[in-house]
Amino acid sequence: MKAVQVVGYDSPLEMTDVPAPEVTGPYDVLVRIGGAGVCRTDLHILEGQWKEKSGVTLPYTIGHENAGWVHAVGSAVTNVAEGDKVIVHPLITCGLCRACRFGDDVHCEQSRFPGIDTAGGYAEYLKTSARSVVKIDDSLVPADVAALADAGLTAYHAAAKAARRLRPGDKCVVIGAGGLGHIGIQVLKAITAAELIVVDRNPDAVKLAVSIGADHGVTGDGSQVSQVLDLTGGHGAETVIDFVGEGGATRDGIAMLRRAGDYHVVGYGENIDVPTIDIISTEINLIGNLVGSYNDLCELMVLAAQGRVKLHTARYRLEEFQTALDDLDAGRIRGRAILVP
Ligand SMILES: [Zn+2]
Ligand SMILES: [Zn+2]
C-alpha cells in the first residue's frame, strides 16, 4: 500500500510502497483510511522535536488523526465489524492498567501512539485495536471528522471537564478561537448554560467565535483584561480555558479569573508565574489537560452527529501531502487539512 513516511529529521516526508498491516493479534482492528488530519505536531515531528520522546525507528508512517472504515478484525473483536464507519482514538491502550480501568486512556501505562511511535494513518490502512475504534453515525463522513480524533478531542476534554463545574449563568472565558478554541466554544455552547466570553487577538477569529455561539467577543488589543472584568461585574470569570498558553496569555488569563476559579491550561509554551500567596489567598485552581479519553471521543461524536460541532476542512489527496504540510506551515488553511487516500 501507499504510505507517507518520515525518513529523516529535517528532511521531507516520502511516499513509498510498504506492506499493508495485517491482523496478528485477537484484538487487532485494521482501518481503511477515509481521512487523516494534518496536524502541527506532524511539523514538529519533522523538526525532530519528538525524536527522543517517541524513540521511534525510522522510517515510519506518520498521521495520528484518523477515521475510515473497518477493513478486518482479530478473532476476539466483537464491538466492530468489517465495513463499520469509525473514528480512531489516537492511543492504543492496554485496558488492564489502573488508568485504563478508570477510563483514563491517556494515562495508560502501556500505550502506543500510531503516527508518533508506531505506524500511523498517512496511508491506505492503519492497524489499531478494538479498544480504540469508535463507531460513528451514518450521517458522518470520515474525512470530515478525522481531525476531531486529536484536535477536537483535546478541546472536548478540556471543555467537558470545565463544564462539570460550570453552573448556568457562570462566566467562562475562552482564550484563543483558533482550531481548538472554535471546537471548544461549540462544545461549551452545547453542554453548558454558562455565559461565554471569547478573547482572541485576531478580530476575524472573534467574529467567527460570536457566529458560532460566543455570547461576547473580546479583541485582545491590550485592554482585554479590563474588558473581561467589565463583563463579569468586576469579579472575573468562574472559569478560564486557555487554548494559547504563550505570548502573555497566562498572565492575562489569571487576571481574568474569579476567586476560587478554575484555570484550564490547554495550549502551552510559556511558564505560569503566579505567587503562591495569591494561589492560596484566592483559592484558584490550575488544571492541565491532555488529549482526551475514549469516552470523551464517543461524546464528541454524538455532538458531531447532532450537528452541534462542525469543523471546517480542506481536503488533499494523499499524494499531495507536501502541499498540505506547506499550506499548514504557511498559515493558509482555514480549519484543518485532511489527506484522503
Ligand atoms: Zn494532532
Ligand atoms: Zn492501560
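The model shown is predicted, which means the values in this text are computed figures rather than measured ones. Start at 1 and go down the list; that is how both ligands and their atoms are numbered.
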About how many Å separate CZ of R332 and CG of D326, when rounded to the nearest 0.5 Å?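 These two atoms lie 6.5 Å from each other.
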Checking side-chain polar atoms at under 3.5 Å, does [X] have a donor or acceptor matched by the opposite partner on [Y]?
X    : Y    : answer
R131 : T93  : yes
T118 : K127 : no
D117 : Y60  : no

Do you see an N/O/S atom of E65, backbone or side chain, under 2.8 Å from the Zn ion (ligand 1)? yes
If we only count heavy atoms from C-beta on, is the P21 to M1 side-chain gap below 4.5 Å? yes
Rounded to the nearest 10°, what angle sits at the Zn ion (ligand 1) between SG of C39 and NE2 of H64? 110°
D150, N/O/S atom nearest the Zn ion (ligand 1):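 Nearest to the Zn ion (ligand 1) within D150's N, O and S set: OD2.
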For I254, what are the other residues in its hydrophobic cluster, where any two members join if their side-chain heavy atoms are less than 4.5 angstrom apart? V173, I175, I197, V199, V218, V225, V228, L229, L231, V240, V244, M256, L257, Y263, V265, I272, V274, I279, I284, L286
Which of these passes side-chain contact (heavy atoms from CB on, under 4.5 Å) with L188: I183, L196, T239? L196
Near the Zn ion (ligand 2) (under 2.8 Å) - protein N, O or S atoms: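 The answer, once waters are left aside, is C94 SG, C97 SG, C100 SG, C108 SG.
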